[in-house]
Amino acid sequence: GQNIDQPTEMTATEGAIVQINCTYQTSGFNGLFWYQQHAGEAPTFLSYNVLDGLEEKGRFSSFLSRSKGYSYLLLKELQMKDSASYLCAVRVDRGSTLGRLYFGRGTQLTVWP
Amino acid sequence: DGGITQSPKYLFRKEGQNVTLSCEQNLNHDAMYWYRQDPGQGLRLIYYSQIVNDFQKGDIAEGYSVSREKKESFPLTVTSAQKNPTAFYLCASSIAGPLGGGLDTEAFFGQGTRLTVV
């Protein structure tokens, strides 16, 4: 199986920076995705990393270390609308199975004014 | 507009009845997926299909069935054998992609169907 771990809950204040960590153990790793999900809605794509390093996209950045099985999502200048669940997902390509995503349980972020 | 559509958004059924959830996409994606989401849990894969007329069980396939007769459609049937069917069901699609992966292999999700069995 795949083990994907992320904290259950985090809180932060408006304007602050928050880092959400994700660790994984998997074979056939071929990329890591971060999704944002507001309550009762579909997840929406935030970022993708397949090589080591940092990917920056506006207020959001994502980092990957393949050797450590570790990623983080960094959210800057937090806004109230950033209150949501953040899902870490690992893509596995193994044998004839391509593109299967394994999700962590999600980190519920609450942003306070 | 291209996208993935699930219907209905809310569904109520009596215990012991089978129910089918619809999922349609016009993104020309080969791969389609069904996930179940329960409070405090991540997305768990029920079934997935990488190509028409082929599908594979995910981690929690018992009590569910699917078909993939057309590229655009991947309906999920929740059967009476599913012991705890009340949940939020999400359908997704993606480019199946070569082993090289790539950014365009992200999964696009439908809006979800909240099924309540009473």
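In what follows, chains carry the letters A, B, and so on, assigned in the order in which the sequence lines appear, proteins first and then strands, with residues in each chain numbered from 1.
A/Phe45 and A/Leu74 fall into different hydrophobic clusters, where Ile, Leu, Val, Met, Phe, Trp and Tyr are joined by side-chain heavy atoms under 4.5 Å apart, directly or via other members. Both A/Leu64 and A/Phe60 belong to a common hydrophobic cluster when Ile, Leu, Val, Met, Phe, Trp and Tyr are linked at side-chain heavy-atom distances under 4.5 angstrom. When the side chains of ILVMFWY residues are joined at heavy-atom separations under 4.5 Å, either directly or via intervening members, A/Leu78 and A/Tyr72 end up in two distinct hydrophobic clusters. Residue A/Phe63 is not grouped with residue A/Met10 when hydrophobic side chains (ILVMFWY) are merged at heavy-atom distances under 4.5 angstrom, including chains of intermediate members. When the side chains of ILVMFWY residues are joined at heavy-atom separations under 4.5 Å, either directly or via intervening members, A/Ile20 and A/Leu46 end up in a single hydrophobic cluster.
Between the CG atom of A/Leu101 and the OH atom of B/Tyr48 there is a distance of 11.0 Å, given to the nearest 0.5 Å. To the nearest 0.5 Å, atoms CZ (A/Arg100) and OH (B/Tyr33) are separated by 9.5 Å. A/Phe33 contributes atom CZ, which lies 8.0 Å from atom OG of B/Ser94 (distance to the nearest 0.5 angstrom).
At a 4.5 Å heavy-atom cutoff, the contact between B/Leu90 and chain A is made by side-chain atoms alone. In this structure, chain A has a heavy atom under 4.5 Å from the side chain of B/Gln37, while its backbone stays farther away. Proximity to chain A is absent for every atom of B/Arg44, based on heavy atoms less than 4.5 angstrom apart. Looking at A/Gln108, there are no atoms closer than 4.5 Å to chain B (heavy atoms on both sides), in backbone or side chain.
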Determine, step by step, whether A/Tyr102 and B/Asp59 satisfy the side-chain contact (heavy atoms from CB on, under 4.5 Å) criterion, reporting the C-alpha distance in whole Å, the side-chain angles of both residues, the deciding distance to 0.1 Å, and the verdict.
-> CA-CA 10 Å; A/Tyr102 290 86; B/Asp59 299 320; 4.2 Å; yes

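A/Ala42 approaches B/Gly110 most closely through the heavy-atom pair CB-O, 2.7 Å. Contact between B/Phe88 and A/Gln37 at its shortest, heavy atoms only, is CE2-NE2, 4.0 Å.
At most 12 heavy atoms of other shown residues, nucleotides or ligands fall within 6.0 angstrom of atom CD in A/Glu77. Within a 6.0 Å radius of CD1 in B/Ile51, no more than 12 heavy atoms belonging to other residues, nucleotides or ligands are found. Environment of CD in B/Glu62: sparse, with no more than 12 heavy atoms of neighbouring residues, nucleotides or ligands closer than 6.0 Å.
Here the two rings, on B/Tyr35 and A/Phe103, have centers that are under 6.0 Å apart.
With respect to A/Arg105 and B/Asp38, no salt bridge is recorded, no charged nitrogen being found less than 4.0 Å from a carboxylate O.
A distance-only check finds a donor-acceptor pair linking the side chain of A/Tyr35 to the backbone of B/Ala107 [under 3.5 Å].
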